[in-house]
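Below: the structure, in structure tokens.
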There are 2 protein chains.
Amino acid sequence: MLKYLAIKNSLKQQIQQGIYGIGDLLPSENELCARFSITRTTARKALDELIREGFIEKKQGIGSVVRERRQSLGLLNVKGFSEAVGHNVKTIFLKKPAIRDWSEEIKIPVSEKEKKSACIHFERLRCVGGEPVMLENNWLAARDLDGLLRHDFVDASFFKTLSRNHLIEITGSESELRAENADEKISSLLKIKRGASVLHISLKFKTSHPDINIYSELYCNTKKYPVGNNYQI
Amino acid sequence: MLKYLAIKNSLKQQIQQGIYGIGDLLPSENELCARFSITRTTARKALDELIREGFIEKKQGIGSVVRERRQSLGLLNVKGFSEAVGHNVKTIFLKKPAIRDWSEEIKIPVSEKEKKSACIHFERLRCVGGEPVMLENNWLAARDLDGLLRHDFVDASFFKTLSRNHLIEITGSESELRAENADEKISSLLKIKRGASVLHISLKFKTSHPDINIYSELYCNTKKYPVGNNYQI
DNA sequence: TAGTGGTCTAGACCACGGT
DNA sequence: CCGTGGTCTAGACCACTAG
């Protein structure tokens, strides 16, 4: 097996189990070299992966510090969703996860490699207080994702399911935002007038798996619930 | 300076200028080694950066392939408009920076402390290729900002000015997104039909100065240039 | 088969942070 | 001062892709 991957996974596990807590220092690069009989290049490659996945950050003169892993990841949240979790929010599957064709609807270019593999797709309608506020379509390559189609999502969360059951972490996102007029389908699903302004969000979530990205096309009725977004550098 | 940075920037420039087009192969790693008198480690580091920034992807056995990069108004990130969009940009000041009242228009709540101090405001129209695409209003507390009103912005960039002249850095942001219908003012300034869909972004930039946040209200015509946003853990 | 990128070794010198 | 990470050299062998 690849050395840097073995070491990365070993450290990642220890972080997830709390053996290294937030703010703790991981073994220094030289320490890792000695302990695993590797060179610094390999140790650094392992640590670079952990940085990419958001588990640590490095500080010159100090070491590799375990980071708090951000939950939101620049993910756009419908305002009121988080506060309303549990009571007021409902998610309706319009199409359950299944193997379907890659859609022309996806705005952000899908890589050739992904296009060549099968595609998992699902469609959901998000409601707040009984009113539909967001239509969500998701696509991703069906690689190493055994069981995703057969089992329900963990806590109804797709990302949680990917992390827990498939060890895939979100490492970044790319999005395009457009204000558009609702067409027939959108207006009837979101129960708004034909031609009303809707926020169209095209999203690509990058993951720790190099051949898996998650592509989403979202349509939001922002009249009552604007879409929110927070960053912290 | 740093070799890998110099090489990365050189390649990046050549991609941006179209010397390497989409789908083209960059020089191979060995070629870079020979051309710049470096080792493969350094060449790979340079290419790794280009991957991270989304300019290329590598294919084993083939080479480094230039990727499609989407043209959009890179906005919600901290880079700022000019750097994100590129060359074709023009900015027109509708109202030059001056002391004005805090506006009711600001959607994200302004802290009491800020409201008590004077307010700097300015309004700009951003154009790409001669067409107006975004109306921008900005407000911030006039604390420790001597000279901001008297001098032009550094490279026409507000953020750069804050950083260079006032040592204030952006540390985070909070935003709300709405799809709305253009009113009289917006439609005439952006040269679109009354009632057309526009993207309304309410932004709060947090800074390294605890008592200074930047509040912005943006109206974007996303027909030609969607608003883009990248996030990396 | 020749060329590409992927992994890895075994060193070196530097800048930074805390003691 | 010493240990940390940051950069860089000069090699090696491997897996993949194309002609």
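Lettering follows sequence order; numbering is per chain, from 1. All values derive from a computational prediction rather than experimental measurement.
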In whole Å, I'd like the distance from the [atom1] atom of [X] to the [atom2] atom of [N].
{"X": "B:E31", "N": "C:dG5", "atom1": "CD", "atom2": "P", "answer": "10 Å"}
{"X": "B:K45", "N": "D:dG5", "atom1": "NZ", "atom2": "P", "answer": "14 Å"}
{"X": "B:M1", "N": "D:dT7", "atom1": "CE", "atom2": "P", "answer": "10 Å"}
{"X": "B:K3", "N": "D:dA10", "atom1": "NZ", "atom2": "C1'", "answer": "12 Å"}
{"X": "A:N30", "N": "D:dG3", "atom1": "CG", "atom2": "P", "answer": "10 Å"}
{"X": "B:K59", "N": "D:dT17", "atom1": "NZ", "atom2": "P", "answer": "10 Å"}
{"X": "B:L25", "N": "C:dT4", "atom1": "CG", "atom2": "P", "answer": "10 Å"}
{"X": "B:L32", "N": "D:dT9", "atom1": "CG", "atom2": "P", "answer": "13 Å"}

Are any protein N/O atoms closer than 3.5 Å to N/O atoms in nucleotides 11-19 of chain C? If there are, list each pair with its distance.
| residue | atom | partner | partner atom | Å |
| --- | --- | --- | --- | --- |
| C:dA15 | N3 | A:Q60 | NE2 | 3.2 |

Quiz item: DNA chain D in dot-bracket, Watson-Crick or G-U pairs under 3.5 Å, [ ] crossing, | other strand?
Solution: ||||||||||||||||||.
Practice problem: Assess whether atom NZ of B:K58 is packed by more than 12 heavy atoms of other residues, nucleotides or ligands within 6.0 Å. | Solution: yes
Quiz prompt | N or O in side chain of B:Y4 less than 4.0 angstrom from D:dT7 OP1/OP2 | solution = yes
Quiz item: Under 4.0 Å between a side-chain N/O of A:T42 and OP1 or OP2 of C:dT9, yes or no?
Solution: yes
Quiz item: So what does A:T39 hit on the nucleic acid, given a heavy-atom distance under 4.0 Å: a base, only sugar-phosphate, or nothing?
Solution: base
Quiz item: Using a cut-off of 4.0 Å on non-hydrogen atoms, how would the nucleic acid contact of A:I38 be classed: base, sugar-phosphate, or nothing?
Solution: sugar-phosphate
Quiz item: Hey, do the aromatic rings of A:F205 and A:F159 have their centres closer than 6.0 Å?
Solution: yes
Quiz item: Parallel under 30°, tilted from 30 to 60°, perpendicular over 60°: which one fits the rings of A:F122 and A:F93?
Solution: tilted
Which of the following nucleotides, [options], is nearest to the side chain of [X]?
{"X": "B:L2", "options": "C:dT7, D:dC8, C:dT4", "value": "D:dC8"}
{"X": "A:R44", "options": "D:dC8, D:dG6, C:dG5", "value": "D:dG6"}
{"X": "A:E29", "options": "D:dC8, D:dG5, C:dG5", "value": "D:dG5"}

Quiz item: Can you check whether B:N221 reaches B:L199 side chain to side chain, under 4.5 Å on heavy atoms?
Solution: no
Quiz item: Do A:E174 and A:I108 come close enough that some side-chain heavy atom pair is under 4.5 Å?
Solution: yes
Are any of the side-chain nitrogens in [X] or [Y] under 4.0 Å away from the carboxylate oxygens of its partner?
{"X": "B:E57", "Y": "B:R67", "result": "no"}
{"X": "B:E176", "Y": "B:K107", "result": "no"}
{"X": "A:E31", "Y": "A:R35", "result": "yes"}

Quiz item: Just how far is it from atom NZ of A:K12 to atom CZ of A:F55, taken to the nearest 0.5 Å?
Solution: 5.0 Å
Self-check item: Partners meeting ring-ring contact (aromatic ring centres under 6.0 Å, His included) with B:Y4 (sequence neighbours left out)
Solution: none
